[in-house]
Amino acid sequence: MLTNLTLPTLNFEPAGLAPFINSQTIDIHLNKHHQTYLTNLNNLLPLIQVDGVEFSSLEDLIINVDRVSEGKKQAAINNAGQVYNHNLYWDTLTTKANSESAKMSSAFGSALDGFGSYEEFKKQWKEAGLSQFGSGWVWLVTDKDGKLSIEKSSNADNPLFHGRQPLMTMDVWEHAYYLDYQNKRADYIDQFFGYINWQFVSDSFDKKITA
Ligand code: MN
């Protein structure tokens with residue numbers, strides 16, 4: 001039975017993403033926003049795992065959220081979604097030095113070439129982020145054959161709810177960037193590309209494709 005989920009350990013120091021994101025944003029985002037979703041989810045878990053319904057992991061809950069009773073389903077979507085989304089967001093990010101020294105597998109490198117070029121990937125990713133109206137997320141998703149695609153989602157939604165496998169994500173809720181960029185979401189997205197944890201993304205791709 002799923003209980004007492006905890007905040008992840010970041011792979012970087014709170015100041016390690018400056019000047020992309022300053023430590024105050026990291027602190028508020030992790031210890032206030034993410035923590036609030038986590039507390040809500042932990043309070044909800046005993047209420048939704050009843051009458052023979054049990055979940056083995058956060059991913060299991062998201063994939064099988066239709067098993068949650070109607071009255072509590074939206075709260076489960078909102079809080080489990082936001083905990084999963086933020087976990088993946090923190091895994092997606094790393095220091096500039098780590099991002100630059102990452103070694104992608106040849107399989108993942110080839111899959112990324114499916115966009116035509118890295119510049120084309122960045123263009124499509126940025127367009128997805130800018131065209132997401134209001135709060136939401138941008139996703140890199142792989143299908144079972146290792147074909148990559150970019151998706152966006154609103155609020156707490158994510159591709160895993162719909163049976164697709166996310167590899168990385170970018171938070172475009174205002175709380176992710178407002179202190180550093182105010183209304184300039186485009187500038188936040190431009191800087192994001194320098195801090196992607198390609199090692200994590202490539203390793204995740206290899207695990208999902210060979211699983
Ligand atoms: Mn967020």
Side-chain angles (χ1 to χ4, degrees), residues 5-45 57-59 61-62 65 74-96 98-99 125-141 150-162 164-198 200-201 204:
L5 297 172
T6 55
L7 281 180
T9 304
L10 304 188
N11 76 79
F12 49 84
E13 296 298 320
L17 303 190
F20 165 42
I21 302 171
N22 71 48
S23 60
Q24 187 189 14
T25 298
I26 301 289
D27 178 46
I28 295 170
H29 201 170
L30 177 69
N31 295 307
K32 305 294 182 194
H33 292 280
H34 190 167
Q35 178 65 58
T36 297
Y37 297 121
L38 185 64
T39 301
N40 291 344
L41 178 60
N42 280 331
N43 290 337
L44 194 61
L45 286 174
S57 65
L58 180 58
E59 288 77 7
L61 166 55
I62 288 173
V65 76
Q74 193 59 49
I77 290 170
N78 290 346
N79 292 293
Q82 284 293 72
V83 170
Y84 175 88
N85 298 355
H86 283 93
N87 285 347
L88 187 60
Y89 177 64
W90 299 125
D91 279 337
T92 295
L93 297 175
T94 194
T95 62
K96 198 167 191 62
N98 281 343
S99 182
W125 183 273
K126 186 174 179 179
E127 279 172 3
L130 289 178
S131 62
Q132 170 54 41
F133 182 76
S135 299
W137 301 82
V138 178
W139 304 89
L140 182 65
V141 173
I150 293 171
E151 295 185 22
K152 57 186 178 176
S153 68
S154 293
N155 299 323
D157 197 13
N158 72 48
L160 196 60
F161 282 113
H162 310 285
R164 297 187 294 280
Q165 183 60 57
L167 296 173
M168 64 183 246
T169 192
M170 178 176 72
D171 192 342
V172 293
W173 285 56
E174 278 190 345
H175 67 232
Y177 61 83
Y178 204 85
L179 287 178
D180 302 276
Y181 299 91
Q182 294 78 49
N183 61 317
K184 298 185 285 292
R185 187 187 283 186
D187 293 355
Y188 162 71
I189 298 173
D190 285 339
Q191 294 303 312
F192 170 87
F193 294 112
Y195 296 80
I196 297 171
N197 191 352
W198 287 116
F200 169 82
V201 181
S204 299

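Just so you know, ligand 1 is whichever comes first in the structure, and atom 1 is the first atom listed for that ligand. Basis for what follows: all heavy atoms, side chains included, without hydrogens, waters or symmetry-related copies.
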(request) Evaluate side-chain hydrogen bond (donor to acceptor under 3.5 Å, both in side chains) for Gln74 paired with Asn78, printing each intermediate quantity in order. (result) CA-CA 6 Å; Gln74 193 59 49; Asn78 290 346; 3.0 Å; yes
Answer key: the N, O or S atom of Asp171 nearest to the Mn ion (ligand 1) is OD2
Worksheet entry | Beyond-backbone contact of Asp180 with Phe20, side-chain heavy atoms, under 4.5 angstrom | no
- Do Pro8 and His34 have side chains that get closer than 4.5 Å, going by heavy atoms? yes
Task: Whether His33 has an N, O or S atom under 2.8 Å from the Mn ion (ligand 1) - done: no
>> If I take every N, O or S atom of His29, is at least one of them less than 2.8 Å from the Mn ion (ligand 1)?
In response: yes
Are the side chains of Gln191 and Tyr181 in contact, using a 4.5 Å heavy-atom criterion?
yes
The Mn ion (ligand 1) -> His175, closest N, O or S atom is NE2
